[in-house]
Amino acid sequence: MSVLVVGISHNTAPVALLERLAMTREEVPKLVHDASTCAHVNEATVIATCNRLELYADVDRFHGSVEELSTLLVDRAGETTSAMLPHLYVHYDDGAVSHLFQVAAGLDSMAVGEGQILGQTREALRMGQELGTVGPALNVLFQQALRVGKRSRAETGIDRAAPSLVTAALERVGGDPTAPDDELDPTADLRSSVGGKRVVVVGAGAMAGLATATVARLGAEDIVVVNRSAERAQRLAEEHGARPALLADLPGELAEADLVVTCAGATGVLVTADMVASRPVQKPISFVDLALPHDVDPAVADLPGVTLVDLASLAEALHASEAGREVLEVRRIVTEEVGAFLAARRSASVTPTVVALRSMATSVVDAEMTRLDHRLPGLDPAVRDEVLHTVRRVADKLLHEPTVRVKELANETGAVSYAAALAELFALDPEAVTAVTRPEGLS
């Protein structure tokens with residue numbers, strides 16, 4: 001199995017580009033089909049969300065398949081290759097396994113720990129199975145990724161990480177933003193930070209949804225959801241009794257705002273220092289920038305009456321918090337699961353060679369017993385059975401240590417292929433080895 005991931009997400013691309021790549025449920029099967037018919041692709045499926053589009057494929061050639069799959073995303077975006085490539089990422093083999101496990105566990109989401117991605121991963125597997133584009137390689141990989149995602153949520157509180165991030169940021173807005181992390185008051189009255197205030201939320205993804213729900217619960221008097229897409233802004237605003245607005249309206253919305261929470265993660269800042277300085281009403285305003293990369297120009301913190309809380313200022317406090325510890329625990333689980341999966345895969349990779357070796361030994365025993373029958377046709381059946389049993393035991397004992405060791409050595413790092421060495425030493429027929437791995441129904 002050589003798995004390749006070619007993708008684009010909120011970590012690498014601006015919102016405008018992600019919106020051009022966004023797919024409806026009905027459009028995804030065609031992309032899956034197109035990926036599966038690429039020359040070097042054996043199996044394929046797609047994870048498609050509002051913040052990511054990733055092609056997963058089992059391939060027989062790295063460079064050719066990277067080019068083919070990248071072209072599919074470039075064509076969909078309607079961009080030139082040179083403009084698109086800086087926003088794409090590629091993970092191969094062990095790196096692809098690690099990436100998918102992190103995605104399923106919620107570590108790669110804009111709202112860390114959000115549970116929706118697990119369902120989207122399951123949907124990618126289901127669609128590939130129904131279309132017949134997912135075979136043994138991707139089926140095993142995605143099934144294990146789903147188990148990793150479930151384990152992460154069952155054994156940790158990772159699903160509370162994103163809400164904790166929003167809460168921690170609002171605590172800082174309500175308290176002294178210059179106070180040391182160890183002086184943060186976890187019991188701060190968040191309602192004093194938000195209650196009765198006019199709040200602007202920039203973005204409409206999972207993190208923006210959490211932020212909007214939080215400020216609504218804390219009694220914000222007026223909430224405006226600002227987004228590039230009017231449809232997504234409208235949908236999120238309706239859920240929480242807020243008002244939608246377009247990104248082009250942001251400068252005007254800042255004029256009367258008391259608190260601005262940004263979660264878009266666009267490439268390039270959305271809130272500039274000039275935009276804040278030119279407000280017609282110069283009253284105190286707080287910015288909570290939960291985006292990566294940041295949405296708010298750090299220079300706004302130097303303006304009078306402006307408070308800025310961003311991920312960098314929260315990092316140390318969150319690392320020491322319960323939510324931060326949960327994220328670290330999930331990272332430990334993912335690392336453990338990746339190691340176990342790769343070890344099992346390497347052990348399985350030598351199985352065909354071991355089976356072929358044992359088959360060869362059986363053939364040698366059978367040939368020698370046939371030869372014995374010709375030379376001693378009157379041999380007593382009981383004696384013959386004892387000879388056969390003895391010869392088989394000798395063959396098993398001779399092969400036991402090499403086959404055990406080759407499985408152990410397969411898990412050691414290095415460039416040596418012990419399975420290939422075994423096949424060479426015993427002159428195993430490559431076709432015999434291939435036959436062991438051939439799926440049923442294929443000739």
Side-chain angles (χ1 to χ4, degrees), residues 10-11 14-16 110 164-186 188-190 192-203 205 207-208 210-212 214-215 218 220-228 245-321 324:
H10 61 92
N11 291 318
V15 174
M110 182 176 287
S164 297
L165 180 63
V166 175
T167 301
L170 294 177
E171 284 175 357
R172 271 194 169 255
V173 168
D176 178 5
T178 64
D181 293 323
D182 57 4
E183 292 182 14
L184 286 175
D185 180 6
D189 184 5
L190 295 177
S192 66
S193 307
V194 181
K197 302 291 180 65
R198 187 172 188 274
V199 181
V200 175
V201 177
V202 182
M207 183 65 82
L210 285 169
T212 306
T214 301
V215 296
L218 293 173
E221 181 178 309
D222 183 32
I223 305 173
V224 182
V225 176
V226 177
N227 194 54
R228 194 182 305 271
L246 292 174
L247 192 58
D249 301 324
L250 182 57
E253 296 296 344
L254 294 179
E256 298 294 333
D258 300 301
L259 171 65
V260 180
V261 183
T262 64
C263 318
T267 299
V269 297
L270 298 179
V271 179
T272 65
D274 288 342
M275 190 184 296
V276 177
S278 62
R279 290 180 304 148
V281 180
Q282 289 296 314
K283 65 175 184 176
I285 185 171
S286 298
F287 289 91
V288 172
D289 189 352
L290 300 178
L292 189 67
H294 57 253
D295 290 332
V296 180
D297 184 350
V300 303
D302 298 327
L303 298 174
V306 176
T307 299
L308 172 62
V309 175
D310 59 14
L311 290 177
S313 64
L314 290 168
E316 188 173 342
L318 286 172
H319 183 77
S321 69

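As the structure is a computational prediction, the values presented were derived from the model and not from experiment.
- Annotation for Leu246 and Arg228: closest pair CD2-O, 3.9 Å, computed over non-hydrogen atoms.
- Across all non-hydrogen atoms, the minimal contact from Ala301 to Leu308 is CB-CB, 4.0 Å.
- Among residues two or more places apart in sequence or in another chain, the side-chain hydrogen bond (donor to acceptor under 3.5 Å, both in side chains) test is passed with Asp258 by Lys283.
- Remark: Asp302 engages no residue in a side-chain contact (heavy atoms from CB on, under 4.5 Å) (not counting sequence neighbours).
- For the pair Arg279/Ile285, a side-chain contact is recorded, criterion being any heavy-atom separation below 4.5 Å from C-beta on.
- Inter-residue side-chain proximity for Val202 and Leu247 is flagged as met; some heavy-atom pair is nearer than 4.5 Å.
- In plain terms, the two heavy atoms of Ala245 and Glu253 that are nearest each other are CB-OE2, 4.0 Å.
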Contacts table for residues 270-277: side-chain donor-acceptor under 3.5 angstrom, sequence neighbours left out:
residue	atom	partner	partner atom	Å
Thr272	OG1	Met275	N	3.1

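- Partners of Thr214 under the side-chain contact (heavy atoms from CB on, under 4.5 Å) rule, at least two apart in sequence or in another chain, are Val166, Leu170, Arg217, Leu218.
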Please test Phe287 against Leu254 for side chain to side chain contact (heavy atoms under 4.5 Å, CB included), starting from the C-alpha separation and ending with a verdict. CA-CA 10 Å; Phe287 289 91; Leu254 294 179; 4.2 Å; yes
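- Between the Asp289 side chain and the His294 main chain, no donor and acceptor come within less than 3.5 Å of each other.
- When the side-chain contact (heavy atoms from CB on, under 4.5 Å) test is applied to Ala169, the partners found at least two apart in sequence or on another chain are Val288, Leu290, Val309, Leu314.
- Taking all atoms of both residues into account, the shortest heavy-atom contact from Cys263 to Ala211 is SG-CB, 4.3 Å.
- Among residues two or more places apart in sequence or in another chain, the side-chain contact (heavy atoms from CB on, under 4.5 Å) test is passed with Ser286 by Val173, Leu259, Thr307.
- Side-chain atoms of Arg172 do not come within 3.5 Å of backbone N or O of Asp310 as any donor-acceptor pair.
- Taking every heavy atom of both residues into account, Val296 and Val269 meet most closely at C-CG1, 4.1 Å.
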Take Thr212 and Val261 through the side chain to side chain contact (heavy atoms under 4.5 Å, CB included) test and state the conclusion after the steps. CA-CA 9 Å; Thr212 306; Val261 183; over 6 Å; no
